[in-house]
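In what follows, every heavy atom counts, from backbone to side chain, and hydrogens, waters and symmetry copies are set aside.
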Amino acid sequence: MTHQPGTEPYDVLVVGGSGVDTVVRVPTLPIPAADSVPVPPVREYAGHTGTGVAVGCAALGLRTGFLDFIGDDPQGALVRERLAGTGVDFRPLISPHGTRRSVNLVAPDGRRTSLHDSRDPLDLRMPPEHYLPALRRARHVHLSITHFTRFLYDDIAALGLPVSTDLHDWDGLTCHHKEFAFRSDLVFLSTAGAGERIGAVMREILREGRASAVIATAGAGGAYLLSSEDRTPRHVPAAVPPGAVVDSNGAGDAFTSGFLHGHLAGREFGECARRGALAGAHACVAQGTHTAPLDAAALTAGEEPQAGAADAVPV
């Protein structure tokens with residue numbers, strides 16, 4: 001069957017979450033209290049979570065669409081330039097409020113602190129005539145937790161599409177995240193916000209929402225997986241990075257893309273999480289945000305032929 005341009009199906013449609021990261025390499029985190037701290041050259045990258053998931057999915061061979069708002073500004077041009085030639089079908093709308101930005105402070109061991117620019121007003125909406133044609137082409141939708149994307153859930157449900165989201169460092173309490181947590185089929189988050197309460201937060205998402213699996217990433221500590229078939233979260237060990245860890249920017253987004261690659265291939269959740277771990281570890285050996293995503297050949301080479309099941313842990 002021959003598809004007309006603009007009608008090819010998407011394996012993954014990412015909505016929201018583009019922007020520009022200004023990466024500052026600092027000698028330590030937290031930075032010392034001083035009027036001036038000398039640092040290496042400051043760099044700008046097309047970053048943020050939606051860009052990372054979209055670029056990661058496309059690099060793994062998934063047909064990927066990406067919808068968002070960007071500004072008619074140099075930062076918006078940088079996002080366009082980064083996505084050109086990646087295989088991502090990027091269809092942005094112009095926002096008069098400009099392109100989102102973050103300043104990411106990165107320590108020598110790769111740890112980072114992100115200062116996120118939440119410039120979108122609460123009344124920003126994506127017109128249905130822009131997103132509905134893309135939804136009708138999608139097998140799976142991944143929503144970033146930018147405010148306007150919550151208003152797509154009803155149309156996604158009406159079309160019967162599975163949806164994932166990343167809550168990042170949600171503490172389990174902040175109201176902004178709850179609709180995303182309880183209306184998504186796959187829910188990603190990090191352990192950073194909830195800390196020792198992460199197991200209770202994961203169980204609440206399964207109990208109160210529609211998710212079939214919740215995945216909490218813990219950096220070098222690996223990840224935790226809780227599905228509707230589990231009584232307690234399973235620990236998924238971190239993959240060994242293929243080089244020195246220099247920058248953790250985008251590792252969580254890479255994990256998501258690796259997980260979705262396995263999920264859309266029909267793999268069980270444990271194997272999907274191991275693919276996510278491989279993609280996340282790979283992201284940490286490259287400086288900058290989303291600069292060297294894992295491809296399908298490297299993912300296959302990194303998988304263990306007989307990987308064992310993840311261990312259950314009392315989280």
Any chance you could lay out the side-chain contact (heavy atoms from CB on, under 4.5 Å) test for Leu189 and Asp169, step after step, and finish with the verdict?
CA-CA 6 Å; Leu189 74 164; Asp169 59 347; over 6 Å; no
Treating Ile, Leu, Val, Met, Phe, Trp and Tyr as nodes and any side-chain heavy-atom pair under 4.5 angstrom as an edge, say whether Val24 and Val37 lie in one connected cluster.
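The answer is yes; both residues are in one hydrophobic cluster.
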Please report the interatomic distance [atom1]([X]) to [atom2]([Y]), rounded to the nearest 0.5 Å.
X      : Y      : atom1 : atom2 : answer
Thr49  : Leu143 : OG1   : CG    : 11.0 Å
Met202 : Leu225 : CE    : CG    : 6.5 Å
Asp11  : His140 : CG    : NE2   : 10.5 Å
Thr51  : Tyr45  : OG1   : OH    : 15.0 Å
Asp230 : Arg203 : CG    : CZ    : 11.0 Å

Would His147 and Leu124 satisfy side-chain contact (heavy atoms from CB on, under 4.5 Å), going step by step from the backbone distance to the final call?
CA-CA 8 Å; His147 183 69; Leu124 183 67; over 6 Å; no
Quick one, Arg197 with Glu204, criterion salt bridge (Lys or Arg N to Asp or Glu O under 4.0 Å). Give me CA distance, side-chain angles, the key distance, then yes/no.
CA-CA 11 Å; Arg197 296 172 37 253; Glu204 181 186 11; over 6 Å; no
Check whether any side-chain heavy atom of [X] sits under 4.5 Å from a side-chain heavy atom of [Y], and report yes or no.
X      : Y      : result
Ser227 : Arg234 : yes
His176 : Ile145 : yes
Ser164 : Leu260 : yes
Phe69  : Phe148 : yes
Leu13  : Phe66  : no

So if I apply the side chain to side chain contact (heavy atoms under 4.5 Å, CB included) rule between Ile31 and each of Val26, Thr113, Val39, which one comes out positive?
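Result: among Val26, Thr113, Val39, Val26 is the only option passing the side chain to side chain contact (heavy atoms under 4.5 Å, CB included) with Ile31.
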[X] [atom1]: over 12 foreign heavy atoms closer than 6.0 Å:
X      : atom1 : result
Asp72  : CG    : no
Arg231 : CZ    : no
Glu129 : CD    : yes

Considering only NZ, NE, NH1 and NH2 on the basic side and carboxylate oxygens on the acidic side, decide whether Arg101 and Glu44 come within less than 4.0 Å.
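Answer for the salt bridge query: yes.
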One thing to verify: whether Asp21 and Arg100 come together as a salt bridge, which I'm taking to mean a side-chain N less than 4.0 angstrom from a carboxylate O.
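No, no charged N to carboxylate O under 4.0 Å.
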For [Y], is there any backbone N or O sitting under 3.5 Å from a side-chain donor or acceptor partner on [X]?
X      : Y      : answer
Arg125 : Leu122 : yes
Ser257 : Phe255 : no
Arg183 : Lys178 : no
His130 : Arg91  : yes
Asp68  : Ser18  : yes
His235 : Gly221 : yes
Thr22  : Val103 : no
Arg139 : Leu264 : yes

Can [X] and [Y] be counted as having a side-chain donor-acceptor contact under 3.5 angstrom?
X      : Y      : answer
Asn104 : Ser114 : yes
Arg119 : His97  : no
Tyr153 : Ser184 : yes
Ser190 : His168 : no
Asp73  : Thr99  : yes
Thr256 : His142 : no

Phe182 ring centre to Arg210 NZ or CZ under 6.0 Å, with the angle to the axis within 45°?
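No, Arg210 does not sit over the ring of Phe182.
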Check Arg137 against Asp89 and note the closest heavy-atom contact, atom names and distance.
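Heavy atoms of Arg137 and Asp89 come nearest at NH2-OD2, 3.8 Å.
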Under 30°, 30 to 60°, or over 60°: which ring-plane class applies to Phe188 and Phe259, parallel, tilted or perpendicular?
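Phe188 vs Phe259 ring planes: perpendicular.
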Kindly assign one of parallel, tilted or perpendicular to the pair His263 and Phe269, based on the angle between their ring planes and the thresholds 30° and 60°.
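The rings of His263 and Phe269 lie parallel, inter-plane angle below 30°.
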